[in-house]
2 protein chains.
Amino acid sequence: MKTSQVLSPPKVRIIAYTSSMMPSSLTDHIKKYISLTETEEQQICNAVTVKAIKKKSFLLEPDHVCKELHFVSSGCLRLYFINKKLNEQITLFAIENWWITDYESLDSGRPSSYYMQAVENSEVISISKTKLDELFEAVPKLERYFRIVQQRAFAATQTRIKYIYSMSDEERYHHFSSRFPAFMQRVPQYMLASYLGFTPQFLSKIRAKNI
Amino acid sequence: MKTSQVLSPPKVRIIAYTSSMMPSSLTDHIKKYISLTETEEQQICNAVTVKAIKKKSFLLEPDHVCKELHFVSSGCLRLYFINKKLNEQITLFAIENWWITDYESLDSGRPSSYYMQAVENSEVISISKTKLDELFEAVPKLERYFRIVQQRAFAATQTRIKYIYSMSDEERYHHFSSRFPAFMQRVPQYMLASYLGFTPQFLSKIRAKNI
DNA sequence: ATCTTTTCTTAATCTTGATTCATTTTTTGA
DNA sequence: TCAAAAAATGAATCAAGATTAAGAAAAGAT
């Protein structure tokens, strides 16, 4: 699976604020973990940007510094890099209610080596690192929300490493497809193969065996 | 590498508090990220327990619920599980200034599937989930410290997944040994092989090639 | 100082999943 | 609505690393 290195310009549309277009999916998610006053909710809304992202367009490309975190309110994004064999390697998918960013670049200020691309037409709620730091000063409660979100993300990644090291590729495919049957329907097979760390040919082979 | 299933009883000694034995390695670490008043420092000290752990003894065993987080002030611990082939699989090492716990069990309250064992005689500063939650109420500033620690841990794990998927086992060994030469000297080779996801025999083969 | 346990090494054979390349099927866009 | 691109399949060959089974060396314990 060779990847086209020619990138189409990002098709990102910034959605204007209207009372019916508030980033409520984000504040709803935050309110699962901490309570928010009207004012705090407003402070959050003022700090974020809602973006509609066309399928296949990019929110981040290699050699650019990642300056934002994105909360997926609808759709699906993927984070991937091009490995030495010039194949795409997906390291992360983000669907509704997940955050996606390249923390390595975001924290260090160094250029990213990742592509962040919409797998479906999606809507994200974005906040820059700078705005987020300001927001933490203004609404310290949010530290707790992000601590919990980070902790869950870390736990999920630890579990993923456990699976990588304890199952064969075939086992991992079966495990994944039984745990996330709906997600399997949403993304092309070659992306799943990439995420699970093997080739599309091998995925075909596994599927052929089980039909 | 078969693992003895017979576990020696943990040899954990709780160190009595003396003015010269405060958990200052922890508060020093916290103070790299946030400022602490005398009172706050005292509140932290009252919530934690300092423990000396003999090499090879366990802080956590499978089927027990993980109830604590541990900050390593000296020494080295490892987190591992027994895979289907009855081999040890190490998922995490923690050395000075790193936190170690099984977040999956800690968060869910379900029994752990991991062993947490001292690789060297070590000293850890432990805090129970309960005490930590109380501490977050008493010293909300700590949310920020833990958010930052979690974010770094997550970023490190993401990078690890990137390496797993972009390098061969041999490349990953060379990369690891050039990045952490000192750590290589601290742990037995078979543990490195396990952490890197291959057999001790393969590690020997790699080393033989490069001498 | 020596006995025991732990760790490391070597080598032969075997397996899983990669590679290569061709073909078919599905999706997309003008 | 149909051509072109993207995605999925199939089969033959290949390679990285596992497995098995010794034995050697190093580290601990008494």
Side-chain angles (χ1 to χ4, degrees), chain A residues 1-8 11 54-57 78 80 83-90 117-121 163-174 176-177 184-211, chain B residues 1-6 8 11 54-57 78 80 83-90 117-121 163-177 184-211:
Chain A
M1 169 221 354
K2 303 286 176 208
T3 303
S4 160
Q5 296 293 60
V6 182
L7 300 169
S8 55
K11 285 154 199 152
K54 276 240 173 63
K55 182 173 173 173
K56 293 200 181 173
S57 65
R78 62 174 179 148
Y80 69 92
N83 66 20
K84 270 172 271 179
K85 292 164 195 157
L86 300 183
N87 295 328
E88 296 176 359
Q89 177 58 60
I90 298 175
Q117 188 192 36
V119 175
E120 305 167 354
N121 291 332
Y163 289 141
I164 290 174
Y165 282 145
S166 63
M167 295 179 185
S168 69
D169 287 1
E170 181 167 0
E171 286 172 323
R172 225 159 50 255
Y173 166 77
H174 289 307
F176 192 87
S177 56
M184 304 285 291
Q185 304 307 115
R186 284 176 72 169
V187 302
Q189 279 184 49
Y190 78 89
M191 288 193 193
L192 273 176
S194 169
Y195 180 76
L196 293 174
F198 49 75
T199 59
Q201 290 88 332
F202 184 62
L203 181 42
S204 269
K205 210 157 134 186
I206 296 171
R207 284 166 51 89
K209 276 207 288 188
N210 290 279
I211 289 171
Chain B
M1 168 219 354
K2 302 287 176 212
T3 303
S4 160
Q5 296 293 60
V6 182
S8 55
K11 286 155 199 151
K54 276 241 173 62
K55 182 172 174 173
K56 296 198 179 175
S57 66
R78 62 175 180 147
Y80 70 93
N83 66 20
K84 271 173 273 180
K85 292 164 194 157
L86 300 184
N87 295 328
E88 295 175 1
Q89 178 58 59
I90 298 175
Q117 187 192 36
V119 175
E120 305 167 354
N121 291 332
Y163 289 141
I164 290 174
Y165 281 145
S166 63
M167 296 179 184
S168 68
D169 287 2
E170 182 168 359
E171 286 172 324
R172 225 159 51 256
Y173 166 77
H174 289 307
H175 178 262
F176 193 87
S177 56
M184 304 285 290
Q185 304 307 115
R186 284 177 73 169
V187 303
Q189 279 184 49
Y190 78 90
M191 288 193 192
L192 274 176
S194 168
Y195 180 76
L196 293 173
F198 49 75
T199 59
Q201 290 88 330
F202 184 62
L203 180 43
S204 269
K205 209 157 136 186
I206 296 171
R207 284 166 51 87
K209 278 209 286 190
N210 291 277
I211 287 171

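Naming: A, B, ... by sequence-line order, numbering from 1 per chain. None of the values given here were measured: they were computed from a predicted structure.
- For D:dA8, the OP1/OP2 oxygens have no side-chain nitrogen or oxygen of A:Arg207 closer than 4.0 Å.
- By the ring-ring contact (aromatic ring centres under 6.0 Å, His included) test, A:Tyr195 is found to be paired with A:Phe93, A:Phe176, residues two or more places apart in sequence or in another chain being considered.
- In this structure, the NZ atom of A:Lys84 is 17 Å from the C1' atom of C:dT19, given to the nearest Å.
- As a whole-Å value, the separation of B:Asn83 CG from D:dA18 P is 12 Å.
- Checked against side chain to side chain donor-acceptor pair (under 3.5 Å), B:Gln89 has no partners two or more places apart in sequence or in another chain.
- Taken to the nearest 0.5 Å, the CG atom of B:Asn87 stands 11.5 Å off from the OG atom of A:Ser166.
- No side-chain heavy atom of B:Val119 sits under 4.5 Å from any side-chain heavy atom of B:Arg186.
- Atom-to-atom distance recorded for B:Lys84:NZ and B:Leu86:CG is 11.5 Å, nearest 0.5 angstrom.
- Comparing the end axes of the helix from C:dA1-D:dT30 to C:dA30-D:dT1, each fitted to five base pairs by superposing C1' atoms of four pairs onto the next four, gives an inter-axis angle of 60° (nearest 10 degrees).
- Partners of A:His174 by ring-ring contact (aromatic ring centres under 6.0 Å, His included), not counting sequence neighbours: none found.
- In this structure, A:Lys85 does not reach the C:dA18 phosphate: none of its side-chain N or O atoms is under 4.0 Å from OP1 or OP2.
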Considering only nitrogen or oxygen atoms on both sides, find all protein atoms under 3.5 Å from nucleotides 27-30 of chain D and state each distance.
{"from": "D:dG28", "atom 1": "OP1", "to": "B:Lys55", "atom 2": "NZ", "distance (Å)": "3.4"}

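- For A:Ser168, the side chain to side chain contact (heavy atoms under 4.5 Å, CB included) test picks out A:Glu170, A:Glu171, with sequence neighbours left out.
- B:Tyr173 pairs by the ring-ring contact (aromatic ring centres under 6.0 Å, His included) definition with nothing, not counting sequence neighbours.
- For the atom pair CD1 (A:Ile164) and CD1 (B:Ile164), the distance works out to 4.5 Å, reported to the nearest 0.5 Å.
- Summarising the geometry of A:Tyr165 relative to B:Gly197, their closest heavy-atom pair is CE2-CA, 3.5 Å, with the distance given to 0.1 Å.
- For A:Leu203 and C:dT19, the CG to P distance is 15 Å, given to the nearest whole Å.
- For the pair A:His174 NE2 and C:dG17 P, the interatomic distance rounds to 10 Å; values are reported in whole Å.
- Across the protein-nucleic acid pair, A:Lys54 atom NZ and C:dT28 atom C1' stand 14 Å apart, rounded to whole Å.
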Take A:Asp169 and A:Leu196, measure what side-chain contact (heavy atoms from CB on, under 4.5 Å) needs, and give me the verdict at the end. CA-CA 7 Å; A:Asp169 287 1; A:Leu196 293 174; over 6 Å; no
What nitrogen or oxygen pairs link the protein and nucleotides 4-7 of chain D at under 3.5 Å?
{"from": "D:dA7", "atom 1": "OP1", "to": "A:Tyr190", "atom 2": "OH", "distance (Å)": "3.4"}
{"from": "D:dA7", "atom 1": "OP2", "to": "A:Tyr190", "atom 2": "OH", "distance (Å)": "3.3"}

Detail all sub-3.5 Å separations between protein N/O atoms and N/O atoms belonging to nucleotides 11-17 of chain D.
{"from": "D:dG17", "atom 1": "OP1", "to": "B:Asp169", "atom 2": "N", "distance (Å)": "2.6"}

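- In terms of the side chain to side chain donor-acceptor pair (under 3.5 Å) criterion, residue partners of B:Arg78 (sequence neighbours excluded) are, by chain and number, B:Glu88, B:Gln117.
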